[in-house]
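Worksheet: one structure, shown below.
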Amino acid sequence: MLPELVTAIPGPRSLELAERLRAHESRNVTYVSPHFPIFWQEAASANVWDVDGNRFLDLTSGFGVASLGYTPAAVVEGAREQLGRLYHAMGDVHPTAEKVELCAKLSALTFESWGVGPGKAILTNSGSEAVEAALKTAWLATHRRGVLAFEGGYHGLGYGALTVTGRKLFRDPFAAQLADFASFLPFPDVQQTAHRTAFSRSAEALLAPGDIGAILVEPVQGRGGEIVPPEWLLPELRVLADRFGVILIFDEIYTGFHRTGPRFGCERSRAWPDLICLGKALTSGFPLAACVGRSELMDQAWPESTGEALHTSTFLGNPLGCRMALESLALLEGDSWEERVLALGMHLADGLRNLRGGCLGAARGIGLMQGIEVINGKGTPDAGRAGALVEAMLARGILLLGGGTEQNILSFTPPFVIKPSELDFALGQLRDLAG
Ligand SMILES: Cc1ncc(COP(=O)(O)O)c(C=O)c1O
């Protein structure tokens, strides 16, 4: 449904909550301005209602989580049934059938479906922790401390994940406490002619000394600004990983579960990792993520538990989260999402390309992971204008996020259930504001 606004934005109740929040939440967490944020009350499909009764159209999927739209009936019903019965167990001691089902499902959807063999999972409470579980696995398997990662890459903000996140903004304030095991290569961008041979030479120079045990990459950089690499990138990394005996980790926390079209971003170029990190849309909204690896590798890396797990947490394999994941995965398997996402993505990409002009620059992306640059008169990134556009779109009832290493990309990652007419409405509003 299109937006329906009944108050000024933010409305009085949102403004009041923002004031209270400022008093009691660490001030770095939630950005508060006279125009931002709105406080959510409920959500369905691609719509969010705020506490003032305004209806918004969401082009963010709440950070790429609500791919199926908000509150899909099967997930809600499954969660209700689970909630009334059991919503906490002892994840690494006395677990639940839901955890068994989910681990088996994750194996079936990843390594088994690629014909690689069975997979084994470590469930976690956030994407950041899933990446850290992957880093630990690679270390245990290789005993080589280095990790090759990419500039602009985003893998989460826990100290381990931050160490391999290629964004100064997040790293610099903590640089003195970050370990030095990551090396970063520029992320090849399909829009700028990226040369495979030159890329391989740089990667080889880093891998040849033998200190690097893992390569970590997003199949499409999400928070880095919807940057699509050339199709050769993942196959080339596979070749390099095999040649240098390195563990290849795909961080599909954003790209997973059809965000780019196929079930996983890596399926576009048919290159398979040794470890894959999953999160976000996995549960449709419960904080649960996973690191899944080839069984052989997982068993080589991790010793059998004799009573004390080396990597676990209180809420590991939470039954409500597992149940929500199982319900979400059943929905994600039960429809032709790939065609739908690619068709909607094409529609969105065409619309964004047509907006070019004034402060709107090049559009980029794949599937329902699209972005458009905001630039100033000199053609350079304009983060201030991008932020102003996000606020102005909010005032028109459209939820958008800014992104990119220069903070000047408007990101479009809507739920897969959004209608072309709703996308057109949002693009029309952007044209209006940017013109
Ligand atoms: C590719 C990628 N990896 C990891 C993360 C971190 O996940 P979380 O925020 O759940 O810790 C994100 C979050 O945006 C992400 O996009």
Side-chain angles (χ1 to χ4, degrees), residues 5 7-43 48-54 56 58-66 124-129 131-132 152-179 222-225 253-254 279-280 285-287 289 313-315 371 374 381-411 413:
L5 304 180
T7 69
I9 304 297
R13 182 89 183 102
S14 276
L15 288 172
E16 193 186 311
L17 286 168
E19 208 44 49
R20 283 187 58 207
L21 192 66
R22 271 158 76 91
H24 299 295
E25 185 187 42
S26 167
R27 64 185 188 168
N28 182 259
V29 178
T30 306
Y31 169 64
V32 176
S33 86
H35 313 293
F36 211 85
I38 51 132
F39 286 73
W40 292 22
Q41 171 95 341
E42 58 183 88
V48 172
W49 284 259
D50 74 359
V51 287
D52 292 289
N54 298 298
F56 294 82
D58 177 34
L59 300 189
T60 73
S61 299
F63 306 128
V65 169
T124 64
N125 306 323
S126 70
S128 174
E129 290 168 73
V131 169
E132 291 171 359
Y154 185 88
H155 303 288
L157 301 182
Y159 264 166
L162 185 57
T163 306
V164 289
T165 285
R167 300 275 302 270
K168 280 172 69 61
L169 168 76
F170 299 114
R171 296 173 60 88
D172 281 359
F174 306 101
Q177 283 200 319
L178 288 183
R223 292 201 63 189
I253 286 168
Y254 218 131
K280 291 195 185 279
F286 191 94
S313 62
T314 305
F315 298 115
V374 181
D382 193 338
R385 186 78 201 266
L389 282 172
V390 168
E391 290 194 348
M393 288 289 273
L394 183 72
R396 293 182 176 212
I398 295 155
L399 301 177
L400 259 192
L401 278 176
T405 46
E406 306 287 337
Q407 316 266 84
N408 73 314
I409 306 298
L410 297 180
S411 287
T413 57

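Starting from 1, each residue takes its place in the sequence as its number. This is a predicted model, so every value here is computed, not measured. Computed over heavy atoms, backbone and side chain alike; hydrogens, waters and symmetry mates excluded.
- Pairing each heavy atom of A383 with each of E406, the nearest pair is CB-O, 3.5 Å.
- A donor-acceptor contact under 3.5 angstrom links the side chains of D58 and T60, judged on distance only.
- F170 is linked by a ring-ring contact (aromatic ring centres under 6.0 Å, His included) to Y154, counting only residues two or more places apart in sequence or in another chain.
- The shortest side-chain heavy-atom distance between T405 and K168 does not fall under the 4.5 Å cut-off.
- Of the possible donor and acceptor atoms, one in the side chain of R171 sits under 3.5 Å from a partner among the backbone N and O of L162.
- Looking at S14, its side chain never comes within 3.5 Å of a backbone N or O of P10 through a donor-acceptor pair.
- The backbone N or O of V29 sits nowhere less than 3.5 Å from a side-chain atom of S26 that would complete a donor-acceptor pair.
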Q.
Checking Q41 against D50 for the side-chain contact (heavy atoms from CB on, under 4.5 Å) test, could you report, in this order, the C-alpha distance in whole Å, the side-chain angles of both residues, the deciding distance, and whether it holds?
A. CA-CA 5 Å; Q41 171 95 341; D50 74 359; 5.7 Å; no
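- Within the structure, the ring-ring contact (aromatic ring centres under 6.0 Å, His included) test picks out the following pairs touching residues 17-38 (sequence neighbours left out): Y31-F36.
- Remark: side-chain polar atoms of R167 are paired, donor with acceptor, to backbone N or O of R223 under 3.5 angstrom.
- Without hydrogens or angle criteria, E132 side chain to G160 main chain gives a donor-acceptor distance under 3.5 Å.
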Q: Please step through side-chain contact (heavy atoms from CB on, under 4.5 Å) for the pair L410 and M393, ending with a clear verdict.
A: CA-CA 11 Å; L410 297 180; M393 288 289 273; over 6 Å; no
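- When all heavy atoms of A179 and T163 are compared, the pair lying nearest together is O-CG2, 3.5 Å.
- To the nearest 0.5 Å, atom OG1 of residue T30 and atom CG of residue L17 are 11.5 Å apart.
- Among I398, L401, L399, the one residue that satisfies the side-chain contact (heavy atoms from CB on, under 4.5 Å) test with L59 is I398.
- Put simply, OG on S61 and OH on Y254 are 7.5 Å apart, with the number rounded to the nearest 0.5 Å.
- For the pair P12 and D52, the minimum side-chain heavy-atom distance is below 4.5 Å.
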Q: For the pair F63 and T413, evaluate side-chain contact (heavy atoms from CB on, under 4.5 Å) and give the outcome as yes or no after the intermediate values.
A: CA-CA 8 Å; F63 306 128; T413 57; over 6 Å; no
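- Annotation: side chain of N54 is not in contact with side chain of W49 (no heavy-atom distance under 4.5 Å).
- When every heavy atom of A18 is checked against every heavy atom of V32, the shortest pair comes out as CB-CG1, 3.9 Å.
- For the pair T124/S313, no side-chain contact is recorded, criterion being any heavy-atom separation below 4.5 Å from C-beta on.
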Q | Derivation of the side-chain contact (heavy atoms from CB on, under 4.5 Å) call for H155 and S128 | A | CA-CA 6 Å; H155 303 288; S128 174; over 6 Å; no
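- N408 CG to L389 CG: the interatomic distance, rounded to the nearest 0.5 Å, is 11.0 Å.
- The number of heavy atoms from other shown groups lying within 6.0 Å of CG (D172) is above 12.
- F39 has its side chain out of reach of R13: every pair of non-hydrogen atoms, C-beta onward, lies at least 4.5 Å apart.
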